[in-house]
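To start, the structure itself, in structure tokens.
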Amino acid sequence: MKRYAVAAAALALTLTLPTAAQAAVQPAVPAPVSAVAPQVLPIGVAVGALPLAVEDRTGYQRTSFRHWNAGDVPADGCNTRAEVLLAEAVVYPEIGPGCTLTGGVWWSYYDEREVTPAGALDIDHMVPLAEAWDSGASAWTPARREAYANDQGQQASLVAVTARSNRSKADQDPAEWLPPSADALCRYGAEWTATKLRWGLAVDEAERDRLLDIAAGCGGTDVEFTPAP
């Protein structure tokens, strides 16, 4: 299910509802069925399912991953960044011309901070673009890299956090960087693992070992992911 449903629902309210007579003669349209069901694994099992490979950054350029694009709802005039902010708002902002966001409040779970305004936030790729390249995305088509960079099909893929925490993380994996809040550790480990499983990305040995260390201290934590189309 797409994460950005708020704007789509608002647009739907502007449509004219059919009369009872029209509804009676219109054939029922079955709801779309997802071709791939979400998978849920205990965190230790999920980490063990990640393929192991040596990372290679040869040829990486950030421009190889086109973002931010028109998002999941192109008609709303908001790009992916804005759609993620709207989806994650704790207090919903006002939306102005050009999808300018005014007001609003967000929660950055990396460092447990309440954040406002929208401009104080970065949208973090849970698995950074450079790390994705290292781990298998170098072999993808440009269209698939764009889909990855704008992925709202799984909530963990993109997350609104303080600019400071995102820039501290940069392109580092869990062997090199973890959120400053201890309470964020299990969630972060699970969401990193879920993102790599969703996109079929590999881990290197140091990364795998750190994820296993996290999993050992996070009993009862599940990893939920849906393989990307």
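Below, all heavy atoms of this structure are taken into account, side chains as well, without hydrogens, waters or symmetry copies.
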Establish, from distance only, whether the side-chain atoms of Ser181 and Asp111 form a donor-acceptor pair under 3.5 Å. no
Whether the Thr116 and Trp106 side chains hold a donor-acceptor pair (N or O, under 3.5 Å, no angle test) is what I'd like checked. no
Check the surroundings of atom CZ in Arg144: do more than 12 heavy atoms from other residues, nucleotides or ligands lie under 6.0 Å from it? yes
Is there a donor-acceptor pair under 3.5 Å between the side chain of Glu83 and the backbone N or O of Asp72? yes
Taking all non-hydrogen atoms of both residues, which atom of Tyr110 and which atom of Val159 are closest, and how far apart? OH-CG1, 3.4 Å
Find the distance between CG (Leu158) and CG (Leu85) and round it off to the nearest 0.5 Å. 10.5 Å
Is any side-chain heavy atom of Trp107 closer than 4.5 Å to one of Val115? no
Do any N or O atoms from the side chain of Ser157 and from the backbone of Gln152 form a donor-acceptor pair under 3.5 angstrom? no
Mind checking whether Leu52 and Val203 have side chains closer than 4.5 Å, heavy atoms only? yes
Nearest 0.5 Å, please: how far is CG in Asp151 from CE in Met126? 12.0 Å
Distance check, rounded to the nearest 0.5 Å: Thr193 atom OG1 versus Tyr188 atom OH? 10.0 Å
Same cluster (ILVMFWY, side-chain, under 4.5 Å), Leu201 and Val45: yes
Do any N or O atoms from the side chain of Gln39 and from the backbone of Thr226 form a donor-acceptor pair under 3.5 angstrom? no
Indicate yes or no for a side-chain donor-acceptor contact from Ser108 to the backbone of Thr162 under 3.5 Å, with no hydrogens or angles considered. yes
Would a distance-only check, ignoring hydrogens and angles, find a side-chain to backbone donor-acceptor pair under 3.5 Å from Thr195 to Glu191? yes
Backbone N or O of Glu146 within a donor-acceptor pair of the Asn150 side chain at under 3.5 Å? yes
So, taking the atom named CG in Leu121 and the one named CZ in Arg81, what distance separates them when rounded to the nearest 0.5 Å? 7.0 Å
Take a 6.0 Å sphere around CD of Glu114 and say whether it holds more than 12 heavy atoms from other residues, nucleotides or ligands. no
Selection residues 85-126 - residue pairs positive for disulfide (SG to SG under 2.5 Å), sequence neighbours left out: Cys78-Cys99
Hey, would you say the Phe225 and Trp199 ring centroids sit under 6.0 Å apart? no
Closest non-hydrogen atom pair, Asp134 against Arg57: OD2-NH2, 2.5 Å
Examine His125 together with Trp68 and report whether their ring centres are nearer than 6.0 Å. yes
Which value, rounded to the nearest 0.5 Å, describes the distance between Glu207 atom CD and Glu176 atom CD? 8.5 Å
Is the backbone of Ala137 close enough, under 3.5 Å, to the side chain of Arg145 for a donor and an acceptor to pair up by distance? yes
Distance-only check: which donor-acceptor pairs under 3.5 Å involve side-chain atoms of residues 212-224, not counting sequence neighbours?
| residue | atom | partner | partner atom | Å |
| --- | --- | --- | --- | --- |
| Thr221 | OG1 | Cys218 | O | 3.1 |

Please determine whether residues Ile43 and Val40 belong to a single hydrophobic cluster, defined as Ile, Leu, Val, Met, Phe, Trp and Tyr linked transitively by side-chain heavy-atom distances below 4.5 Å. no
If you apply the rule side chain to side chain contact (heavy atoms under 4.5 Å, CB included), what do you find for Leu86 with Leu101, and how did you get there? CA-CA 9 Å; Leu86 290 169; Leu101 305 184; 3.9 Å; yes
Heavy-atom pair of closest approach, residues Pro128 and Ala170: CG-O, 3.5 Å
Could you walk me through whether Val54 and Asp204 pass the side chain to side chain contact (heavy atoms under 4.5 Å, CB included) check? CA-CA 5 Å; Val54 176; Asp204 63 22; over 6 Å; no
Before giving the answer on side chain to side chain contact (heavy atoms under 4.5 Å, CB included), spell out for Thr80 and His67 the whole-Å C-alpha distance, their side-chain angles and the decisive distance to 0.1 Å. CA-CA 8 Å; Thr80 300; His67 67 291; over 6 Å; no
Write down the atom of Tyr148, the atom of Val127, and the distance for their closest heavy-atom approach. OH-O, 2.6 Å
Taking the six-membered ring for Trp, are Trp133 and Trp140 ring centroids under 6.0 Å apart? no
So does Arg210 pair up with Asp173, basic N to acidic O under 4.0 Å? no
For the backbone of Glu131 and the side chain of Ser135, can you confirm whether one donor and one acceptor N or O come within less than 3.5 Å of each other? yes
Distance col, row Thr102:OG1 vs Ile95:CD1, nearest 0.5 angstrom, shows 10.0 Å
Are the charged groups of Lys169 and Asp124 less than 4.0 angstrom apart, N to O? yes
Heavy atoms of Pro179 and Ala184 approach each other most closely as CB-CB, 3.9 Å
Show your reasoning for whether side chain to side chain contact (heavy atoms under 4.5 Å, CB included) applies to Leu211 and Leu50. CA-CA 10 Å; Leu211 288 170; Leu50 292 166; 4.0 Å; yes
I'd like to know if the side chain of Glu112 reaches the main chain of Tyr109, judged simply by a donor and an acceptor atom lying under 3.5 Å from each other, with no hydrogens or angles considered. no
